[in-house]
Amino acid sequence: MDLYCKSSNILYARQLFDKIPKPDVVARTTFITAYSASGDLKLAREIFNTTPLRTRDNVSYNAMITGYAHNKDGYSAIDLFCEMKRYGFRPDNFSYTSMLSGLSLVAEYESHCQQFHCEVLKSGTGFVTSVVNALMSVYVKCASSPFVKADLLLAAARKLFDEMMLRDELSWTTIITGYVRNDDLCSARQVFDGMDEKLVVAWNALISGYTHKGRVKDALEMSRRMRLLEIGFDEFTYTSVLGACAAAKLLLHGKQVHGYIIRTVKNPSRDFLFSVNNALIALYWRCGKLDEARKIFDRMPMRDLVSWNTILSAYVDVGRIEEARSFFIEMPEKNELTWSVMISGFAQNGLGEEGLKLFNQMRSCNCQPCDYSFAGAIISCAVLASLDHGRQLHAQLIQSGFESSLSASNALITMYARCGVLQDSQSVFYTMSSLDSVSWNSMIAALGQHGHGAPAVDLFEQMLKEDIVPDRITFLTILSSCSHAGLVDEGQRYFNTMYELYNITPGEDHYGRLIDLLCRAGRFAEATDLIQKLPFTPGIPVWEALLGGCRIHGNIDLGIKAAEKLFELIPHHDGTYILLSNMYATLGKWTDVSRIRNMMRVRGVKKEPACSWIEVDNMVHVFLVDDTKHPEVQKVYKYLEELVPKMRKLGYVPDTKFVLHDMENEQKEYALSTHSEKLAVAFGLLNLPSGAMVRVFKNLRICGDCHNAFKFMSQVVGREIVVRDGKRFHHFKDGKFEICHVAWGVAVTDREDDKPSMLLPFSVLWFIIGILTGYVMLSLNIILRLLKS
DNA sequence: GTAGGGTTAG
């Protein structure tokens, strides 16, 4: 039976076990261990529970406690340890070691460490190496949780280490990794240098430590020294070294290591093949060689979960989402990481609905979402600009105890910003206990998207002051923000520092934003000059930026050139036609507009009702780029005709004038209040740039008219309204073009079945449940007080 | 029949 358990053939062993009339405690313990090892704690506990109390012994308790610890259920490990004592068992070395390993998973405060430290001392196991090692682990892991005095905890671990009677290899590695994980590589190195005989494990710990802290050079230097000292690499060394190469994108070096492994390692073990091949997949992916990565994956005789997750992440990373989806479906097993990668993969590729669907599917599969999966779902809400759902997820995030998660908080910043509630983004940002570059990037982008260019630049400067190193995304964001704020010189200066100070080579996207910046300011000569000097053949982002700029300033000649280039690159892209016709519309050249629309019809390009839009003082000029007889336009007219008298009746104060210019160059003026559901509907039908819709949506929401805000959003549902990142609108003020809102805040949900979203009923339900719970709690409280008195 | 560390995936 034991043999079958060890060869992982538990099912067969269980058949034998079930034939024993009265299995003894030894047989039961074998199963507890086997089930725990296979991750099936429920079955393990079942066997444990059916062991009569009088036959239980320390070993069976210890096996069960270890099972919990191995399966990351620290609290149950501690509970069982306490139960054991309650029933009169005397915990031994094994019990303490296992319980402490469980404790290290959940220890969050200094008191947790101290309490159990006292208990160890009282029990007399304080001199046992394995117990002290586990206790050190508790201190070390606790030191990396927030709101603790990490230095004191590490010092306590060090004291334990210094005073140990008998150190083994684990003691050394525990303290070294303790320092590594708490960013004290100096102390880690000191302890390492003090080792007489340096174990491979210790080398590995330090190499991976250097890699994680971005010190790839030091990591590779260590591996070079290992080779000089003729210390044999094991699979952990290889994976760490390959990880270092992947982090620094050192393809050549990585390939050398790959070749060396092929030449020198004969008869590799199963584990060796798993971990080294997985690291190789990651290496080739990170170095941009997806095909090589795929080859390694395909050639693996056996794959584990990490292999699948790595190849999945690689395909998601390069945006090949459909292939990623087929990997996801094909995978023999999944963990929380698998789900999270796929959810955020959908979200990052604009497939918000798919992301949310998968998040719900994850929960219905009994897979507990982790903070990363929450982050993916929250970003999905950002893509859909679905504020209600986003808020619900925020509440659930807090409930699940992930409030302090970095990735989830970063997602919240983006979500609130894209849903038009900048204040909430800010309150998340300013209450976070630690920030990384993604947090800064998200907050800067949030400000920029809301048109607050100058504050975005200020925040960027603050980021630099706090020694956070900006990355490519930071520069994309700050260039857009400068563009919004008309800060041309600042933008150019930041662009130049990119390579000079931070060694980041600007990509086509960066050049695109720079050209956008120049064109918005009307500096076409500089822009065209830059395009000619580009270090690569200009592609879509460059020409789109140029055409966008020409549209604002009515620079027809240049605009046509840009459009021709775009037609060469993407022949039937509706966006180009629409930008082009909007350019003519803004200048009132209606014959050209209809020429373009005809071209679209002849060439079979899908025609969206379109319009161009500028705001001058309190006047919104809307240029309809459609035939007046177009049914969509007719609907708009009808709505507006009905709207004005109705609104007056309802007492709405007009605050904005809308001037509709149509193709026959007729102008119609409507004095309207933006606080109107009907107007919102009209906008929805018009497919107005969503900046205008954001305005209406925000007004409704600010006035507390959430119902209508929601209704407005659901009215928009079912129509192809694409909310594009970076689609900006312009404000004409004091003779200069300035910033305006970005196109966030429009819901595009349930497009398939065209039903209103279920978000509102859910929020109402939550609200009612909240009130009922509060009411019940209150009554209970009163009853208790009455009983007491 | 029971224990403690190092790797690769976001």
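Lettering of chains follows the sequences in order, A, B, ..., and the numbering in each one begins at 1.
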Which is true for [X] with a 4.0 Å heavy-atom rule: it touches a base, it touches only sugar-phosphate, or it touches nothing?
X: A:Ser60; value: base
X: A:Trp285; value: sugar-phosphate
X: A:Val25; value: base
X: A:Asp304; value: nothing
X: A:Ser275; value: base
X: A:Asp234; value: base
X: A:Val306; value: base
X: A:Asp168; value: base
X: A:Asn277; value: nothing
X: A:Thr129; value: base
X: A:Arg181; value: sugar-phosphate

In whole Å, what is the span from the CZ atom of A:Arg167 to the P atom of B:dG4? 21 Å
Measure from CE on A:Met136 to P on B:dG4 and round the result to the nearest Å.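 Interatomic distance, CE of A:Met136 to P of B:dG4: 14 Å.
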A:Phe48/A:Tyr61 aromatic ring centres below 6.0 Å: yes
Between A:Phe233 and A:Trp203, ring centroids under 6.0 Å: no
Looking at the side chain of [X], which of [options] is the nearest nucleotide?
X: A:Thr66; options: B:dG6, B:dT2, B:dA9; value: B:dT2
X: A:Ser130; options: B:dG10, B:dT8, B:dG4; value: B:dG4
X: A:Thr239; options: B:dG10, B:dT7, B:dG4; value: B:dT7
X: A:Phe94; options: B:dT2, B:dG10, B:dG6; value: B:dT2

Planes under 30° and centres closer than 5.5 Å, is that true for A:Tyr372 with the base of B:dG10?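 Yes, A:Tyr372 stacks on the base of B:dG10.
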Short of 4.0 Å, heavy atom to strand atom, which residues of residues 201-223 of chain A count as contacting DNA chain B?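 Result for residues 201-223 of chain A: A:Val201, A:Asn204, A:Ser208, A:His212, sorted by number.
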For A:Glu119, is there an ion pair with A:Lys122 - N to carboxylate O distance below 4.0 angstrom? no
Result of checking A:Thr97, A:Thr174, A:Asp168 against A:Asn133 for side-chain hydrogen bond (donor to acceptor under 3.5 Å, both in side chains):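 Of the listed options, the one satisfying the test is A:Asp168.
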Counting just side-chain N and O atoms, does A:His70 come under 4.0 Å of either OP1 or OP2 of B:dT2?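 For A:His70, the contact criterion (side-chain N or O under 4.0 Å from OP1 or OP2 of B:dT2) is not met.
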Using only heavy-atom distances, decide whether a donor-acceptor pair under 3.5 angstrom links the side-chain of [X] to the base of [N].
X: A:Thr310; N: B:dA9; value: no
X: A:Ser340; N: B:dG10; value: yes
X: A:Asn133; N: B:dG5; value: no
X: A:Asn309; N: B:dG10; value: no

Not counting sequence neighbours, list each pair that qualifies as a salt bridge (charged side-chain N to carboxylate O under 4.0 Å, His left out) and has a residue in residues 33-53 of chain A.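 Matches after skipping sequence neighbours: A:Arg45-A:Glu83.
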Can you see which heavy atom on A:Asn93 is nearest to which on A:Val131, and at what distance?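 Looking at all heavy atoms of both residues, the shortest contact is O-CG2, 3.7 Å.
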For A:Met300, the option from A:Leu280, A:Ile281, A:Leu273 that meets side chain to side chain contact (heavy atoms under 4.5 Å, CB included):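 So the option named by the test is A:Ile281.
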Is there any side-chain hydrogen bond (donor to acceptor under 3.5 Å, both in side chains) pair reaching into residues 240-260 of chain A, and which pairs are they, with sequence neighbours excluded? A:His258-A:Tyr284
